[in-house]
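Scroll down for the structure; my scribbles are underneath it.
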Amino acid sequence: MLDIRFLRENPDLAKQRLALRNPQFSSLIDQILDCDAQRRQAETRYQQLQAERKRLSKQIGQIRAAGGDSSTLEEQARTLGEQIEALQKQAAECDSRQRQLLLITPNLPHEQIPVGSDSSANPVVREYLTDHRKPTSPNHLEIASQLQLLDLDRAAKISGSGFTCFTHLGARLERALINFLLDLHSQHHGYREISPPFLIRRDSMIGTGQLPKFEEDMYACEKDDLFLAPTAEVPLTNLYRDEILPISDLPIRLVAYSPCFRREAGSTGRETRGIIRLHQFDKVELVKICRPEDSPAELESLTNDAERVLQLLQIPYRVVELCSGDLGFSSMRTYDIEVWSPGQAQFLEVSSCSNFGDYQARRMNLRFKDSDGKNRFCHTLNGSGTALPRLFVALIENHFQPDGSILLPPPLHPYFGKEKIP
RNA sequence: GGAGGGGUGGCAGAGCGGUUGAUUGCGGCGGUCUUGAAAACCGCUAUCCCGUCAAACGGGAUCGUGGGUUCGAAUCCCACCCCCUCCGCCA
């Protein structure tokens, strides 16, 4: 959520920055400021009347205690009460409308990010092993079918398209990867491991920005008004919602494994073959909560922590920075990490590392007490560390051998229990 | 799912229609005393919003959340959320 005071004082700056995402947001800012002006006017007037009524009520109390007649004053107070009620209703309506509008307004892009309208404008920041990448390889589906690592057809019998079963050594590899990632980040990168709930209340979905705007993309349990987590970002970031953290607790670094549930409405046909895009997939997620002045550096180290995964697994990748038009709703700055998939001869996104500034913290009322005793909003960040299915794809395609086996990189051996598949 | 109890300031815990933003204790901050510390004593000690910005000052709101009753609600009524105890069900 954007700071209403910032919008009030810098409406043109806010519009300019939002226009870098999409020009449509200008009128939204005007509507918000309109609500704000109306709200404050009504609020000021009813507060004056309320102060008056308070004085009268005190007098009434005193007169009654003394056994006197207070009926004239009571009549006055009643009249004031009616005016107050009407103005309060007006203020509440403005306030609620203002909040609804703020909740569907995306974060301002950071000043330093590249300007562009779509992913073709995303600059490559750095690359790893891409000079040595395999130009082609059998597709992960071909490899998986030879080695019985996946069963998409039978998964469809259970759940429909967009779901998979990992089978035999495939299931074991999936589990080994999850454990490898959790251990790497919790034991070597300083993240605290959490195993969070996967069903999420509406308020928490609003807190990180999935709701109200993207409700169509979420799986919901309507009976209980709960949503299936689309990413562990949601439970992790919301862990400390509505709290005021002591500054000594910051930065907080959290890591969690979770399955992720996404309806992916409207994306069938594009990049949907195999396990590149699923309605349910595993992911290990990194989240940070820190002081505002630390968030730029924390974004760099978070991205490095995710990259470390690919270095250890010897998978070629590149880091791109998202341009203004490609930026996610809540983010002010994002790096995507993309692994090379020789099977599809393209790069696949396995991690998206973002700095949200105070945008999420404001939505979930997450603050810290500054050294001078003032309460300030925290900054929040997150990144995948990493998404599993595409990592799985890159791993088996990049390490596929001419003899039909897969040679696993050494860091996985203790987790998988052997060096190759089969 | 059924029955009961409860949600008050950083924490503990009073208050159950009228100068109560709220007694008190603990903790925290400042001071007196002391070579220093402890003890004792004194003072301070929430958040949000509005009044164009900042400071000062003034006003309003906040006792789980939202409604209602009333001139006036932490206090009475209703709904919901959360926590605890017992019963039932259950991996």
Side-chain angles (χ1 to χ4, degrees), chain A residues 1-14 32-102 195-207 211 221-227 235 238-250 259 358 361-378:
Chain A
M1 196 154 65
L2 299 178
D3 183 1
I4 184 64
R5 270 185 244 179
F6 177 84
L7 293 181
R8 220 182 272 155
E9 288 159 25
N10 311 282
D12 294 331
L13 179 59
I32 290 169
L33 290 174
D34 197 43
C35 281
D36 183 54
Q38 282 183 42
R39 191 197 95 242
R40 284 188 299 159
Q41 195 185 17
E43 222 163 68
T44 305
R45 281 170 62 203
Y46 87 65
Q47 286 185 1
Q48 287 164 351
L49 298 180
Q50 233 166 2
E52 178 62 21
R53 180 174 70 180
K54 217 170 173 178
R55 275 191 289 277
L56 286 178
S57 288
K58 268 180 192 167
Q59 283 179 38
I60 290 167
Q62 284 165 357
I63 290 170
R64 284 206 183 175
D69 173 23
S70 58
S71 54
T72 318
L73 290 182
E74 280 176 40
E75 185 50 41
Q76 280 178 35
R78 196 173 294 121
T79 312
L80 279 176
E82 285 161 11
Q83 294 175 35
I84 290 168
E85 199 179 345
L87 285 166
Q88 270 181 336
K89 202 178 156 200
Q90 198 184 324
E93 275 166 11
C94 290
D95 190 56
S96 138
R97 205 169 130 240
Q98 179 182 321
R99 183 174 163 76
Q100 290 312 310
L101 292 171
L102 279 170
S195 179
F198 305 145
L199 292 180
I200 312 285
R201 305 178 68 175
R202 182 172 289 273
D203 283 350
S204 291
M205 294 290 277
I206 289 172
L211 295 185
C221 308
E222 285 179 23
K223 253 185 181 172
D224 302 288
D225 205 25
L226 290 170
F227 296 84
N238 278 285
L239 260 186
Y240 297 99
R241 63 172 304 126
D242 290 315
E243 293 194 34
I244 300 174
L245 301 167
I247 195 168
S248 54
D249 283 9
L250 303 180
D358 64 10
R362 213 176 273 285
R363 285 175 161 245
M364 64 177 74
N365 199 25
L366 164 58
R367 294 172 293 176
F368 71 101
K369 199 166 277 294
D370 206 352
S371 47
D372 59 8
K374 277 197 75 168
N375 296 335
R376 297 169 62 196
F377 287 107
C378 303

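For the numbers below, each heavy atom of this structure counts, side chains included, while hydrogens, waters and symmetry mates do not. For clarity, every value in this text was computed on a predicted model and none was experimentally measured.
Between the side chain of Asp358(A) and the backbone N or O of Phe377(A) there is no donor-acceptor pair closer than 3.5 Å.
The distance from atom OG of Ser71(A) to atom CZ of Arg78(A), rounded to the nearest 0.5 Å, is 9.5 Å. To the nearest 0.5 angstrom, Leu101(A) atom CG is 8.0 Å from Gln98(A) atom CD.
For Gln88(A) and Ala77(A), each mapped to the nucleotide of RNA chain B holding its nearest heavy atom, the one lying further toward the 5' end belongs to Gln88(A). Two residues, Arg40(A) and Lys54(A), neighbour RNA chain B, and the one matched to the more 5' nucleotide by heavy-atom proximity is Arg40(A).
Distance Ile60(A) CD1 to rC71(B) P: 9 Å, rounded to the nearest Å. Here the C1' atom of nucleotide rC71(B) and the CD atom of Gln62(A) are 14 Å apart, to the nearest Å. Protein atom CG of Leu49(A) is 17 Å distant from nucleotide atom P of rC71(B), rounded to whole Å. Rounded to whole Å, the distance from CZ on Arg376(A) to P on rU47(B) is 15 Å.
Taking side-chain N and O atoms only, Arg8(A) has no distance below 4.0 Å to OP1 or OP2 of rC49(B). Remark: Arg55(A) is not in phosphate contact with rG72(B), judged by side-chain N or O atoms under 4.0 Å from OP1 or OP2. Residue Arg5(A) has no polar side-chain atom (N or O) positioned under 4.0 Å from OP1 or OP2 of rC53(B).
Using a 4.0 Å heavy-atom criterion, one finds that Arg201(A) contacts the sugar-phosphate atoms exclusively. Counting any heavy atom pair closer than 4.0 Å across all strands shown, Arg53(A) reaches sugar-phosphate atoms only and no base atom. Residue contacts for Arg45(A): at a heavy-atom cut-off of 4.0 Å it reaches no nucleic acid atom on any strand shown.
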Seminar exercise, completed: Per-residue pairing states of RNA chain B in dot-bracket (Watson-Crick or G-U under 3.5 Å; . unpaired, | other strand) read ((((((((.[[[..)..(.....]]]((((((.......))))))((((((.....)))))).[[[[[..)....]]]]])))))))....
Could you pull out all donor-acceptor pairs under 3.5 Å where a side-chain atom in residues 88-97 of chain A meets a protein atom, sequence neighbours excluded?
none

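Across rC86(B) and rC49(B), the matching P atoms stand 43 Å from one another, rounded to whole Å.
For Asp225(A), the salt bridge (Lys or Arg N to Asp or Glu O under 4.0 Å) partners at least two apart in sequence or on another chain are Arg202(A).
The side chain of Gln50(A) lies closest to rA61(B), out of rA61(B), rC71(B), rG51(B).
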